[in-house]
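Take a look at the structure below.
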Protein chains: 2
Amino acid sequence: MERSNGSPGEPPKERSGADRPPTIRGVAERAGVSKSLVSLVLQGSPRVSDAKRQAVLEAIDELGYRPNAAARSLVARRTHTIGVLLNDMRNPWFVDVLDGLNSLLHAHGLRMLMADGRLDRRTGQEFARAFQELRVDGLVVVGTLPDTTGLAEVAERLPTVIAGNHEPRLPRADIVANDDERGARLATEHLIGLGHRKIAHLAGQGLVGDLRRRGFEATMRDHGLAANAVVESGDGTEEGGYRAAVRLLSPARGGRRPTAVFAFNDLSGIGVLSAAGELGLDVPADLSLVGYDNTYLSRIRHLWLNSVNNASHEVGRRAARCLLDRMAHPDAPAAHQLVTPELEIRGSTAPPWDGVGAAP
Amino acid sequence: MERSNGSPGEPPKERSGADRPPTIRGVAERAGVSKSLVSLVLQGSPRVSDAKRQAVLEAIDELGYRPNAAARSLVARRTHTIGVLLNDMRNPWFVDVLDGLNSLLHAHGLRMLMADGRLDRRTGQEFARAFQELRVDGLVVVGTLPDTTGLAEVAERLPTVIAGNHEPRLPRADIVANDDERGARLATEHLIGLGHRKIAHLAGQGLVGDLRRRGFEATMRDHGLAANAVVESGDGTEEGGYRAAVRLLSPARGGRRPTAVFAFNDLSGIGVLSAAGELGLDVPADLSLVGYDNTYLSRIRHLWLNSVNNASHEVGRRAARCLLDRMAHPDAPAAHQLVTPELEIRGSTAPPWDGVGAAP
DNA sequence: CGCAGCACTTGGACCGTTCCAACTCTTGCG
DNA sequence: CGCAAGAGTTGGAACGGTCCAAGTGCTGCG
């Protein structure tokens with residue numbers, strides 16, 4: 001039988017029960033060197049003899065030693081961690097942004113700590129607190145925030161980049177987004193070019209929603225079609241798109257119905273698709289439709305939606321670039337970058353039927 | 001002009017440039033108390049006089065002090081952080097799992113650190129290293145892992161729960177998943193109940209794919225329809241589902257075509273939808289279709305897919321429960337929980353047309 | 001009056017690293 | 001031979017918290 005606990009009088013070298021994970025001291029002892037030398041080996045210092053380096057590496061392996069990131073970042077005052085704040089994991093476009101972000105950050109030895117602002121019903125203030133306590137080296141805000149009050153304060157202390165949104169404009173936070181107004185122009189020009197005259201826009205919320213609506217209205221005006229522009233407001237969901245489209249397309253509505261719809265995003269565009277189907281309208285024969293974001297939804301064959309590509313991946317890459325720059329020069333003035341969107345043509349638009357609505 | 005650096009001889013009280021964030025000592029000094037007392041206030045100890053508590057809170061506010069999580073977890077040997085490993089953020093069902101996980105973990109003061117195994121092309125070994133260095137208090141693996149070799153070792157040291165998958169079975173890792181075989185039976189019974197006889201299954205990969213296929217085959221066998229069961233393999237993507245469906249449904253194929261398809265998941269089910277449309281088959285009039293996972297895709301009106309609800313949210317909740325239990329009792333034997341799935345009826349199934357294929 | 005007991009407060013050790021100044025050998029050169 | 005230079009190695013002081021044993025007053029009781 002073995003003694004499960006040290007006999008009295010014996011110095012309590014090892015505590016019974018919870019055996020802690022090995023530390024740098026344990027490794028040093030096993031390798032017969034000082035903890036400083038182990039630290040040097042861990043950092044790949046060139047001024048360590050091969051013999052000792054070998055001994056240390058073996059000890060690390062035998063003990064299964066893993067450096068403690070907390071202790072390390074405590075003294076180094078860097079965590080190599082970037083906080084990423086998402087507003088809604090259910091909206092698929094952010095995945096591409098993350099992908100773009102990750103490629104660069106990972107190459108620079110940074111890891112991403114993600115939080116969904118909607119998932120944990122935290123206000124801007126609270127997520128800020130959590131990220132500050134963790135001492136993340138930087139912050140990326142992806143998309144629209146429900147509450148931006150806390151952000152200004154955080155941006156003062158932490159390198160911050162806003163990706164996929166144009167606000168809030170802060171003195172020390174960079175902004176990387178796609179040119180929403182221009183994207184809306186692309187979509188609208190495309191529909192006008194096909195011969196459509198009476199065109200509806202299904203608007204979204206926030207500044208991004210405003211910009212896309214503005215682009216639509218400006219383009220209609222430029223073509224002398226201001227009187228034919230219809231705007232219906234939605235909420236960016238499929239359900240909202242469906243309801244708005246029912247209002248737009250019902251025969252009960254006075255005057256001609258629009259022959260084309262430009263939707264705020266793919267999700268609400270799909271709502272339009274559903275409403276059109278129920279009203280017996282074929283897309284694209286009876287109704288042309290353009291969405292926004294070019295998500296994988298638009299690429300589903302059964303939906304096959306024309307959509308404005310907001311270059312999420314590129315936005316993510318550039319946001320990472322910005323963040324790295326800002327981490328190097330925290331006091332640089334805030335930059336504001338726009339990525340040029342492109343229209344992705346698939347199967348949801350066509351010239352208006354029989355020229356109906358084509359006459360000025 | 002101000003001196004940018006301390007004059008020689010002057011004790012370097014404050015470093016020029018980077019003014020560090022305030023520490024507990026700074027707060028103590030400002031409030032005129034010891035750092036120990038500040039610590040007590042931070043922990044909400046009842047044995048602090050109201051006067052001093054007030055002074056400390058004011059100092060904290062004035063300085064904008066935030067406790068350093070690294071320092072705190074170093075001595076407490078707890079990080080209050082749970083590592084969450086996702087395999088693919090593009091697959092929408094995990095969002096619900098996360099939601100369920102979060103509700104319980106957040107209530108217990110734990111935060112989630114997410115990593116996408118596919119996003120950073122890390123092998124099982126490497127993510128394990130990162131999480132171990134961070135000393136996360138626990139680990140949740142959501143879905144299928146590309147490489148599980150590292151997991152066994154991690155599970156020995158870290159409370160670990162596997163959610164949404166049935167493998168690998170490890171002595172100290174709990175498993176919470178939906179009963180895939182049973183879900184497949186539900187879907188198949190539903191189709192048989194409608195009168196379908198020749199039914200195809202579009203299979204998926206991994207153990208989950210196997211279980212769903214097995215459930216399908218067993219049910220067909222139980223109804224004496226083994227000879228009418230067709231299995232085509234796919235890869236869980238829309239593209240894969242499309243191609244498999246083209247193979248399944250093309251008139252060129254000898255014998256009668258199946259009148260119903262049970263797809264491994266919603267995404268590949270949508271591929272089937274697309275293929276059916278191109279081949280001129282109406283769903284559900286000419287072809288019945290059932291998917292799996294009950295993702296928001298299946299709820300899109302224009303798709304409106306019958307789907308097996310895998311209770312992701314409940315899986316997430318139970319996984320959190322398991323993890324909390326295991327953190328309390330690390331040496332408890334591994335538990336293996338199955339959540340019962342339910343079939344969600346929408347618009348993608350109907351009795352076979354004119355009884356074709358209904359005769360035994 | 002002396003002192004036990006309570007309420008509150010404090011200094012200092014410790015957590016597991018990194019970093020720096022200082023130390024010990026070798027080696028080579030004048 | 002003496003010593004400077006360099007390579008390799010080391011102890012100890014941070015880093016910013018928590019926790020514990022010990023301290024300080026003050027009150028009330030014998």
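Just so it is clear: chains get the letters A, B, ... in the order the sequence lines come, proteins before strands, and each one is counted from 1. Just so it is clear, the model here is predicted, and its values are computed rather than measured.
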Task: Integer-rounded Å distance: C:dT9 C1' and B:Arg53 CZ - done: 13 Å
Open item on the list: Can you tell me whether the side chain of B:Ser39 and the base of D:dG17 have a donor-acceptor pair closer than 3.5 Å?
Closed with: no
Open item on the list: As a test of reading the structure: which of D:dG17, C:dT17, C:dT10 is closest to the side chain of B:Ser34, going by heavy atoms?
Closed with: C:dT10
TODO: Report which part of the nucleic acid A:Ser36 touches: base, sugar-phosphate, or nothing (heavy-atom distance under 4.0 Å, all strands).
DONE: base
- [ ] Between B:Val75 and B:Ser49, name the one whose nearest nucleotide on DNA chain C is closer to the 5' end.
- [x] B:Ser49
TODO: Could you check which of C:dT17, C:dC8, D:dG17 has an atom nearest any side-chain atom of A:Pro67?
DONE: C:dT17
Open item on the list: Without decimals, in angstroms, what is the distance between A:Gln43 CD and D:dG8 P?
Closed with: 17 Å
TODO: Provide, to the nearest angstrom, the distance between the CG atom belonging to A:Leu37 and the P atom belonging to C:dG16.
DONE: 20 Å
Open item on the list: Pick the closest DNA chain C nucleotide for B:Leu74 and for B:Val48 by heavy atoms, then say which residue is nearer the 5' end.
Closed with: B:Val48
Task: A:Ser73 side chain vs A:Ala69 backbone, donor-acceptor pair below 3.5 Å - done: yes
Open item on the list: Nearest whole Å is fine: how far is D:dT18 C1' from B:Arg77 CZ?
Closed with: 11 Å
Task: Residues B:Arg317 and B:Asp99 bridged, charged N to O under 4.0 Å - done: no
Task: Distance in angstrom units between A:Leu40 CG and C:dC19 P, rounded - done: 9 Å
Task: Options C:dG16, D:dG17, C:dT9, nucleotide nearest the side-chain atoms of B:Lys52 - done: C:dT9
Task: Atom-pair distance (CG on A:Leu42; P on C:dC19), nearest Å - done: 12 Å
Open item on the list: Using a 4.0 Å heavy-atom cut-off, does A:Lys35 contact any base of the nucleic acid, only the sugar-phosphate backbone, or nothing at all?
Closed with: base
Open item on the list: Just by distance, no angles: are the side chains of A:His336 and A:Arg169 close enough, under 3.5 Å, to form a donor-acceptor pair?
Closed with: yes
Task: Side-chain H-bond candidate by donor/acceptor type, B:Arg72 with B:His80, under 3.5 Å - done: no
Open item on the list: Would A:Val136 and A:Leu158 count as a side chain to side chain contact (heavy atoms under 4.5 Å, CB included) here? Give the steps.
Closed with: CA-CA 8 Å; A:Val136 293; A:Leu158 218 57; 3.7 Å; yes
TODO: Write down the distance between CZ (B:Arg72) and P (D:dT18), rounded to a whole number of angstrom.
DONE: 5 Å
TODO: Take the protein atom CD of B:Glu133 and the nucleotide atom C1' of C:dG16, then report the distance between them rounded to whole Å.
DONE: 13 Å
